[in-house]
Amino acid sequence: MELTEAEQRRQVEEQVEMLLSGQGSEVSGCDVGLEQSKPATLRKNVTYIVCGVIFNDKEEVLMVQEAKQDCYKQWYLPAGRVEVGENLEEALRREVRHTHTHTHTHTHSSVFFGLRTKEQNCLQVKEEAGFDCEPITLLLIQEQGPQWIRFIFLAKITGGSLKGPSAADQESLQASWWDRQSALPLRGRDILRLIDCGLKYRQDPWHPVTLPVDLSCRHVVQRLVLVFTNAEQQVWVLLIKAPTLHLPIAAAVKTHAVTWAANMVVQEAMPSAYYDQDVNTLGIFSLQHNGRQHGKTDGVCLNTLVALVPDHVQRNEDGETVEWMGTGQPPSIENPRYIWHQVQKRTLREKLLEKTKNTSIVPIHSLY
């Protein structure tokens, strides 16, 4: 039985509420950019990095001394590439494991075939290092297009002892707690911002706890909750009409930042208004990743909040700036695939307004 348009609109509002609460939603297709995107395949066309920001009771941060030749003896946060068959949290646990004693590298066949359950993962960590590390929340996502994405987690150590120089191996030379005052030769100063971000979150969490949702995705895509708001506190969300009303899903293309997907959607939906609007990807409500089937589930879906904000500096044909007179209405849609939906549910409207004002969601930064 086909749903009426009113029922479809109600379903969309329910889905937006679900995403706002940090949950995910199956990716059943892609609306924009698919022809410019290949299925994500680790080691071939995507690299995911996990990075752990971990503090002790004195607010010292866990650091690792590198063993790799190009950065030998320099210090960095526990970080490394996600391996085939791993999800993001498993990769984080493995990287942090190298900071502790009794580690030895392993290639357990089930890692590559995605057979490890959470319990097996914890068990193996205990067998090899006598400790567990648990992610608390995603802090920040950084990206240089779909081919390089770094997921920064705030995490906690739940046991174990620091790896000393006598336990040096090919992964790292040793680990140490750093007070951030003492001189330490850093591999890169980029981590200082990540450490500050972790401290800030510990002292005053500005977004809800957000951990990856175990839902598979073939490509790197962005699902857009693209909103237009006005002074009267009205909120509109951009939808695609067929096969039923739904939030647009756009594939990331490797020539641009991941978040460029939102610009592609706005360009397609309202080409005349595109240059008079700022397309601001404010952050993510949730992140979907599975990673168990190589080349089939290596993609990620970023459920993002995007605000369409009129550019208040307008120019006439002579290039002179003219005062902008807003209508308080979203720009006209020119592509029949799209429609604006005015949010009816008061609580949802208030939540979206609050999120757009305070951006109390996980930030995503493009490093282009």
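Residues take their numbers from the sequence shown, with the count starting at 1.
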Practice task
Start with the C-alpha gap between Val221 and Cys301, add the side-chain angles, then the distance that decides, and say whether side-chain contact (heavy atoms from CB on, under 4.5 Å) holds.
Solution key: CA-CA 5 Å; Val221 299; Cys301 174; 3.8 Å; yes

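- Asn87 has its side chain out of reach of Asp214: every pair of non-hydrogen atoms, C-beta onward, lies at least 4.5 Å apart.
- In the hydrophobic clustering of this structure, Phe285 does not group with Leu215; members are Ile, Leu, Val, Met, Phe, Trp, Tyr whose side-chain heavy atoms approach within less than 4.5 Å, directly or through other members.
- Between Arg349 and Val343, the shortest heavy-atom contact is NH1-O, 3.6 Å.
- Proximity of Leu77 to Met63: side-chain heavy atoms (C-beta onward) are separated by under 4.5 Å at one or more points.
- Proximity of a side-chain donor or acceptor of Lys156 to a complementary backbone N or O of Glu134 within less than 3.5 Å is not detected.
- When each of Leu352, Asn358, Thr356 is tested with Glu354 by the rule side-chain contact (heavy atoms from CB on, under 4.5 Å), just one qualifies, namely Asn358.
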Practice task
Could you walk me through whether Gln293 and Ser216 pass side-chain contact (heavy atoms from CB on, under 4.5 Å), step by step?
Solution key: CA-CA 9 Å; Gln293 287 180 280; Ser216 65; over 6 Å; no

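- The distance from the CD atom of Gln74 to the NZ atom of Lys68 is 10.5 Å, given to the nearest 0.5 Å.
- The backbone N or O of Pro336 lies less than 3.5 Å from a partner atom in the side chain of Lys241, making a donor-acceptor pair.
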Scan the side chains in residues 24-38 for donor-acceptor partners under 3.5 Å anywhere in the protein, sequence neighbours excluded, and list what turns up.
from, atom 1, to, atom 2, distance (Å)
Ser25, OG, Gln15, NE2, 3.0
Asp31, OD1, His246, NE2, 3.0
Asp31, OD2, His246, NE2, 3.2
Asp31, OD2, Ile249, N, 2.9
Ser37, OG, His219, ND1, 2.8

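- Hydrophobic clustering places Phe55 together with Leu192 (ILVMFWY residues linked when any side-chain heavy atoms are closer than 4.5 Å, directly or through intermediates).
- Across Leu305, Leu19, Ile361, Ile141, a single residue satisfies side-chain contact (heavy atoms from CB on, under 4.5 Å) together with Ile284, and that is Ile141.
- Interatomic distance, Leu92 CG to Phe151 CZ, rounded to the nearest 0.5 Å: 12.0 Å.
- Of the inter-residue distances, the one linking Leu138 atom CG with Glu89 atom CD reads 8.5 Å to the nearest 0.5 angstrom.
- By the 4.5 Å heavy-atom criterion applied to side chains, Asn280 and Val309 are counted as neighbours.
- With sequence neighbours left out, the salt bridge (charged side-chain N to carboxylate O under 4.0 Å, His left out) criterion links Glu5 to Arg9.
- Side-chain contact between Leu224 and Thr304 is present, with heavy atoms from C-beta onward closer than 4.5 Å.
- Thr137 contributes a side-chain N or O that, together with a main-chain N or O of Thr210, makes up a donor-acceptor pair within less than 3.5 Å.
- The environment of Arg81 atom CZ is sparse: at most 12 non-hydrogen atoms of other residues, nucleotides or ligands sit within 6.0 angstrom.
- A distance of 12.0 Å separates CD1 in Ile195 from CD in Glu60, rounded to the nearest 0.5 Å.
- Side-chain contact between Glu59 and Trp177: absent, with no pair of heavy atoms (C-beta onward) separated by less than 4.5 Å.
- Rounded to the nearest 0.5 angstrom, Ser21 OG and Glu17 CD are separated by 8.5 Å.
- Scanning both residues, His294 and Thr41, for their nearest heavy atoms gives CE1-CG2, 3.6 Å.
- Residues that satisfy the salt bridge (charged side-chain N to carboxylate O under 4.0 Å, His left out) test with Arg150, not counting sequence neighbours, are Asp190.
- Annotation for Pro135 and Leu211: closest pair CB-CD2, 3.9 Å, computed over non-hydrogen atoms.
- Here Arg292 does not pair with Glu86 in a salt bridge; the nearest charged N to carboxylate O distance is not below 4.0 Å.
- Annotation for Lys73: atom NZ does not count as buried by contact number, only 12 or fewer foreign heavy atoms lying within 6.0 Å.
- Glu334 places a side-chain N or O within donor-acceptor distance of the main-chain N or O of Ser272, the cut-off being under 3.5 Å.
- Minimum heavy-atom separation, Gly283 to Ile364: CA-CG2, 4.1 Å.
- The side-chain heavy atoms of Asp179 and Lys58, taken from C-beta on, include no pair separated by under 4.5 Å.
- From Glu143, atom CD reaches atom OG of Ser366 across 3.5 Å, with rounding to the nearest 0.5 Å.
- Cluster partners of Leu367 are Ile49, Trp148, counting Ile, Leu, Val, Met, Phe, Trp and Tyr whose side-chain heavy atoms approach within less than 4.5 Å, directly or via other members.
- With sequence neighbours excluded, the residues forming a side-chain hydrogen bond (donor to acceptor under 3.5 Å, both in side chains) with Ser286 are Asn303, listed by chain and number.
- Residues Val258 and Gln222 come closest through the heavy atom pair O-OE1, 3.2 Å.
- Under the side-chain contact (heavy atoms from CB on, under 4.5 Å) rule, Val235 has a single partner from Leu353, Leu348, Asn230, which is Leu353.
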Problem - Trace of the salt bridge (charged side-chain N to carboxylate O under 4.0 Å, His left out) decision for Arg187 with Glu66 - result: CA-CA 8 Å; Arg187 187 180 113 195; Glu66 300 280 7; 2.5 Å; yes

Problem - Derivation and outcome, side-chain contact (heavy atoms from CB on, under 4.5 Å), residues Phe153 and Val96 - result: CA-CA 11 Å; Phe153 288 88; Val96 174; over 6 Å; no

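- Contact check for Tyr274 versus Val279: side-chain heavy atoms found under the 4.5 Å cut-off.
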Exercise for the section: Take Val306 and Leu238, measure what side-chain contact (heavy atoms from CB on, under 4.5 Å) needs, and give me the verdict at the end. Expected result: CA-CA 10 Å; Val306 182; Leu238 186 69; over 6 Å; no

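- When atom types are taken as modelled, the side chain of Gln147 and the backbone of Lys254 share a donor-acceptor pair closer than 3.5 angstrom.
- In this structure, His289 has its ring center under 6.0 Å from that of Tyr48.
- Lys296 pairs by the salt bridge (charged side-chain N to carboxylate O under 4.0 Å, His left out) definition with nothing, not counting sequence neighbours.
- When all heavy atoms are compared, the tightest approach of Ala91 to Val82 is CB-CG2, 3.8 Å.
- At a threshold of 4.0 Å, the pair Glu90-Arg94 does not count as salt-bridged, since none of the basic side-chain nitrogens sits closer than that to a carboxylate oxygen.
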Exercise for the section: Go through the steps for Asp298 and Arg43 under the test salt bridge (charged side-chain N to carboxylate O under 4.0 Å, His left out), then give the verdict. Expected result: CA-CA 10 Å; Asp298 285 342; Arg43 297 192 180 158; over 6 Å; no

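- When Asn335, Val265, Leu308 are each tested for a side-chain contact (heavy atoms from CB on, under 4.5 Å) with Met270, only one passes: Leu308.
- Inter-residue side-chain proximity for Trp340 and Phe228 is flagged as met; some heavy-atom pair is nearer than 4.5 Å.
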